[in-house]
Amino acid sequence: MDIRQFDRAGLNAENSWSQRLLPWPTLNAPFEGAQSVIRAGSSSPRHAHHEYEIFVAVKGEAWIESRGERLPFVAGDIVHFPPGHEHQVINDTDTDFEMFSIWWDTDMSRAFRARHESEA
């Protein structure tokens with residue numbers, strides 16, 4: 001077992017208030033991820049990319065926007081974005097919102113398989 005602690009004190013604007021899952025020497029995964037804090041009264045950057053992605057709401061309440069649709073996003077919710085779908089998290093509350101994101105593509109899957117086979 002290998003536990004990686006969430007370093008809230010290490011979060012800042014330079015790392016977008018996020019802690020990346022990788023690199024993690026003991027973890028071979030076919031995906032990447034990050035735990036993030038969307039500060040009270042702020043939002044994540046609006047963006048789109050070629051990877052598939054899911055967000056898991058961990059703590060608090062926010063809004064999720066994608067393709068002109070805005071929905072509540074609260075602790076326990078999971079949202080999926082196909083490649084190319086622009087998205088953003090908006091926290092207009094007075095408390096921080098925490099979430100975990102996971103993204104993957106075929107290159108990550110191939111790299112995972114190659115690492116797995118070389119370890120076997």
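For Ser36, the side-chain hydrogen bond (donor to acceptor under 3.5 Å, both in side chains) test picks out Ser18, with sequence neighbours left out. Shown here are the side-chain hydrogen bond (donor to acceptor under 3.5 Å, both in side chains) partners of Trp63, two or more places apart in sequence or in another chain: Asp92. Take Glu117 and apply the side-chain hydrogen bond (donor to acceptor under 3.5 Å, both in side chains) test, not counting sequence neighbours, and it matches Arg113. In this structure His49 satisfies the ring-ring contact (aromatic ring centres under 6.0 Å, His included) test together with His47, His87, sequence neighbours excluded. Among residues two or more places apart in sequence or in another chain, the side chain to side chain contact (heavy atoms under 4.5 Å, CB included) test is passed with Asp94 by none. Residues passing the salt bridge (charged side-chain N to carboxylate O under 4.0 Å, His left out) test with Arg115, sequence neighbours excluded: none. When the side-chain hydrogen bond (donor to acceptor under 3.5 Å, both in side chains) test is applied to Ser118, no partner is found at least two apart in sequence or on another chain. Annotation: ring-ring contact (aromatic ring centres under 6.0 Å, His included) contacts of Trp103 (sequence neighbours excluded): none. Checked against salt bridge (charged side-chain N to carboxylate O under 4.0 Å, His left out), Glu86 has the following partners two or more places apart in sequence or in another chain: Arg46. Here Gln35 pairs with Phe6, Glu98, Phe100 under the side chain to side chain contact (heavy atoms under 4.5 Å, CB included) rule; sequence neighbours left out.
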Please tabulate, for side-chain N and O atoms in residues 72-85, each donor-acceptor pair with protein atoms closer than 3.5 Å (sequence neighbours left out).
from	atom 1	to	atom 2	distance (Å)
Asp77	OD2	Val74	N	3.0
His85	NE2	Arg67	NH1	3.4

Inset, instruction - Go through the steps to decide whether Asn28 and His116 satisfy the test side chain to side chain contact (heavy atoms under 4.5 Å, CB included), and finish with yes or no. - result: CA-CA 7 Å; Asn28 179 23; His116 176 73; 3.8 Å; yes
Inset, instruction - Please test Trp24 against Arg4 for side chain to side chain contact (heavy atoms under 4.5 Å, CB included), starting from the C-alpha separation and ending with a verdict. - result: CA-CA 9 Å; Trp24 185 353; Arg4 188 161 197 192; 3.6 Å; yes
Inset, instruction - List the steps and the verdict of side chain to side chain donor-acceptor pair (under 3.5 Å) for Ser43 and Gln88. - result: CA-CA 7 Å; Ser43 60; Gln88 180 179 35; 3.3 Å; yes
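Arg39 is listed as a side-chain neighbour of Val37, based on a closest heavy-atom distance under 4.5 Å. The shortest side-chain heavy-atom distance between Leu22 and Leu27 falls under the 4.5 Å cut-off. No side-chain heavy atom of Glu51 sits under 4.5 Å from any side-chain heavy atom of Trp104. At a threshold of 4.5 Å between non-hydrogen side-chain atoms, the residues Leu11 and Gln19 count as touching.
Between the side chains of Ser42 and Asn91, no donor N or O sits under 3.5 Å from an acceptor N or O. Judged purely by distance below 3.5 Å, without hydrogens or angles, the side chains of Trp17 and Asp96 never pair a donor atom with an acceptor atom.
Distance check, rounded to the nearest 0.5 Å: OH of Tyr52 to CG of Asp105 gives 9.5 Å. Here CE of Met99 is found 10.5 Å from CD1 of Ile54. Values are rounded to the nearest 0.5 Å. Here the CD1-OG distance, from Ile90 to Ser44, works out to 7.5 Å after rounding to the nearest 0.5 Å. Within the model, atoms CG of Asn15 and CG of Asp7 stand 9.0 Å from one another, a figure rounded to the nearest 0.5 Å.
Residues Ile38 and Val56 do not share a hydrophobic cluster, clusters being chains of Ile/Leu/Val/Met/Phe/Trp/Tyr side chains in contact below 4.5 Å.
When every heavy atom of Phe97 is checked against every heavy atom of Gly60, the shortest pair comes out as CD1-C, 3.6 Å.
Among residue pairs with one or both ends in residues 12-35, those qualifying as salt bridge (charged side-chain N to carboxylate O under 4.0 Å, His left out) are Arg20-Glu32; sequence neighbours excluded.
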